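Right, one structure below, let's go through it.
Note that the coordinates shown come from a computational prediction; the quantities given were computed from them, not determined experimentally. Residues take their numbers from the sequence shown, with the count starting at 1. As a basis for the values below, the full set of heavy atoms in this structure was taken, side chains included, without hydrogen atoms, waters or symmetry mates. Whatever order the structure lists ligands and atoms in, that order sets their numbers, starting from 1.
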Amino acid sequence: MILEVNKVTKTELIPLITQQAKTARQAILQMTTLSGSGHPGGSMSSIDMILSIYNTMRHDPKNPQWAERDRMVYSIGHISPAAYSSLGIMGYFPLDEAIALFRKYGSIFDGHVDREVPGVEWSSGNLGQGLSAATGFAISAKIRGLDYQSYVIMGDGEQQKGQISEARRFASKFKLTNLTAIIDYNQLQISGSIHDVMPQSIRQNWESDGWQVMEVSGHDIPQILDTLQEVQSAEKPVMILAHTTMGKGVSFMEDKAKYHGSTLSIEQCEEALKELDMPSELPKYQKMRAAFKANKDQHPKENQPNFDLKQGKPILYSSESDCRSAWGNAIVDLAKINRESSVPIVVVDCDLASSVKTTAFRDEFPERFLQSGIMEHHAAVMSGAISTTGIQCFWAEFGVFGIDETYNMQRLNDINRANLKTVLTHVGIDVGEDGKTHQCIDYISLVRNLFDTRIICPADANQTDRIIRWLIDKPGNYFVAMGRSKLPIIKDSENELFYGLDYRFEYGKADVLRTGKKATVFVCGTPAGRAVEAVDALRTEGTSLELVYVSCPLALESKMIAEAAKRGPIISIEDHSIHGGLGSSLAEALLDVKHRSRLTRIGVEAYPVSGTSEELYEAYQMDAASLIKRIKAAL
Ligand SMILES: Cc1ncc(C[n+]2csc(CCOP(=O)(O)OP(=O)(O)O)c2C)c(N)n1
């Protein structure tokens, strides 16, 4: 470590950390009392461990984004008072501000640990996800040839969450000796003793998953420092089981589950501070808190990462192809042409490589291919964390697992402003025989809720290729959603490739596949070819329809919608639930335009059943013949 790097000796550190811990406990009590909310108990039990780590790890409070810094992840985001106090003490920001403004509207010191606070690596609050994030940071170091360490602070009640076992197995498999988990073993959680709430064998569980476990007294600073030193030479990832006392330091708070999430009154806080032999500065902080004015500018958006990667030359498809193969071909090509780039391209898989078409990437770049097993919750968070470290990370997954199964993890990636590219294959009824558990018919409606995450749905293999190339150098979280079957290649009215060499993808730009006068048909996803067939057939009967392909159903161009409304009736076609997909986006957009128009939504109206893709399109009246009838009816 660390001690040598930071040029301090253990003898110098012990009194320093002891003093810092007193200051931190004083801060924890004052900030929670002032805000009237927060979690003092676990903050006080974990603080000696946390400060020991900050004093020995490699970091620079003046340069929080230093690429080679050790990473500290708070899996128990509720101990924000401990995190903010120790980061303030270490010099990331004035401690006074954290105490006065904890949980105050307009300040950066959000209720649960937040990445907006300098020194915080990962916003958290959903228990069970932090080890996955720390695993992402640790594997990123290995991929990028960096030697930093990744620490994660966890709770003992938290150990009940299943995702933790997924992350443990991943860390063992990939021999992440640069990863250390610390469990605050205070043996209490909200409802009382962890042994009563849900008995578990914490030590054995970690050991059986291949971790080395070290036990310490979590308030004995010399012992903690020795253990942190010992971790450096371990040959397995290490979990430190730190025996602690909830509310440590204040007699009437110690070992009381109540103080997991209850704060002290002003009088109790003053009494507690006396016991700690620390002065009360509550009046000073009360004044600061009252005087604080929220200012929008103090929440600057983080600098976007620069993914300096080449987009290469398009691969053209001229006959029926599936979008997932086009994605698989594009990503191998992109990884090959960017082989020398300082930005690694990584693909994460959960036992579906052959279906999501990443086997060629796996075979060509085995060290960049992370086989994560059937552990999607872990994979979602780990991939999100990896994507914040200068790696362009793709996770390819079936729709129902990449968004439905892991919605909350993807929400956390959104909150963390990660840069994950999730490629969803097998969306819609196109999945066919696998039936309703596998037909993802809510991929747009779920992403709709994520404020900063975008979704793109390609029309055919050519557009898929172009979208993946466009994405390769983009920051931010994106989903690319595609079906399973081979699809017709979209042609223009001259029978040329619509998404040919001249085509450039632009986020939010819809494609006019056919121009027409009577009405407008908007289509998204797998039914695109069937819609073209239907609209062309109607044209031969004398019905002239405008046909628009919408690849970005959550970013409709209002001008185009206004023109469509002026033109006449509007019809939407998608193999998504009619609730929350393209039809809903059009309905919303129509509220904002001057002209009124009738909207007919064609989509999925109940959980579909098994059958071939063709049978299902016919059954749900989305094959070309049915579309002709339904469009006529709508007109
Ligand atoms: C997924 C999830 N479920 C429930 C909660 C609500 N919650 C917050 S803290 C907590 C108890 C945590 O216990 P422990 O890990 O022992 O932390 P400590 O009480 O020691 O602070 C619960 C259930 C949550 N934040 N996340």
Honestly, for Leu188 the part within reach of ligand 1 (heavy atoms, under 4.0 Å) is backbone
Which of these, Val348, Asp349, Val347, sits in a side-chain contact (heavy atoms from CB on, under 4.5 Å) with Leu370? Val348
Of the backbone atoms (N, CA, C, O) and the side-chain heavy atoms from C-beta on, which set of Asn186 has a member under 4.0 Å from an atom of ligand 1: side chain, backbone, both, or neither? side chain
Give me the ring orientation class for His78 and His112: parallel if the planes are under 30° apart, tilted from 30 to 60°, perpendicular past 60°. perpendicular
Can you list the atoms of ligand 1 that are under 4.0 Å from a heavy atom of Gly155? 15 (O)
Out of curiosity, is His260 lining ligand 1, as in a heavy atom under 4.0 Å away? yes
Taking only non-hydrogen atoms of Gly125, do any sit less than 4.0 angstrom from ligand 1? yes
Going by the atom numbers of ligand 1, which of them fall below 4.0 Å from some non-hydrogen atom of Ile190? 7 (N), 10 (C), 11 (C), 22 (C), 23 (C)
Can you tell me the protein heavy atom closest to atom 15 (O) of ligand 1 and the distance? Glu158 N, 2.9 Å
Ring centres under 6.0 angstrom apart (Tyr92, His59): yes
The criterion is side chain to side chain contact (heavy atoms under 4.5 Å, CB included); which residues satisfy it with Ala27, sequence neighbours excluded? Met31, Ser85, Leu95, Ile99
Could you label the plane-to-plane angle of the His378 and Phe170 rings as parallel, tilted or perpendicular, counting under 30° as parallel and over 60° as perpendicular? tilted
Logged contact type for Gln189 with ligand 1, heavy-atom cut-off 4.0 Å, is both
N-O pairing of Lys236 and Asp209 below 4.0 Å: no
Part of Met154 within contact of ligand 1 (heavy atoms, under 4.0 Å): neither
Protein residue, atom and distance nearest to atom 8 (C) of ligand 1, heavy-atom basis: Leu127 CD1, 3.9 Å
Quick one: does Gln129 get a heavy atom under 4.0 Å from ligand 1? no
Taking only heavy atoms of His78, which atoms of ligand 1 are found under 4.0 Å from at least one of them? 9 (S), 17 (O), 18 (P), 21 (O)
When you measure from atom 16 (O) of ligand 1 to every protein heavy atom, which one gives the shortest distance, and what is it? Asp156 OD1, 2.7 Å
Got more than 12 heavy atoms from elsewhere within 6.0 Å of CD1, Ile374? no
What atoms of ligand 1 come within less than 4.0 Å of a heavy atom belonging to Met246? 18 (P), 19 (O), 20 (O)
Give the atom numbers and elements of ligand 1 that come within less than 4.0 Å of a heavy atom of Gly42. 21 (O)
Report the residues that fulfil side chain to side chain contact (heavy atoms under 4.5 Å, CB included) with Lys142, sequence neighbours left out, ordered by chain and then residue number. Leu176, Thr177, Asn178
Look at atom 14 (P) of ligand 1 and say which protein heavy atom is nearest, naming residue and atom and giving the distance to 0.1 Å. Gly157 N, 3.5 Å
Search all heavy atoms of Arg289 against all heavy atoms of Lys104 and return the closest pair with its distance. O-CE, 3.4 Å
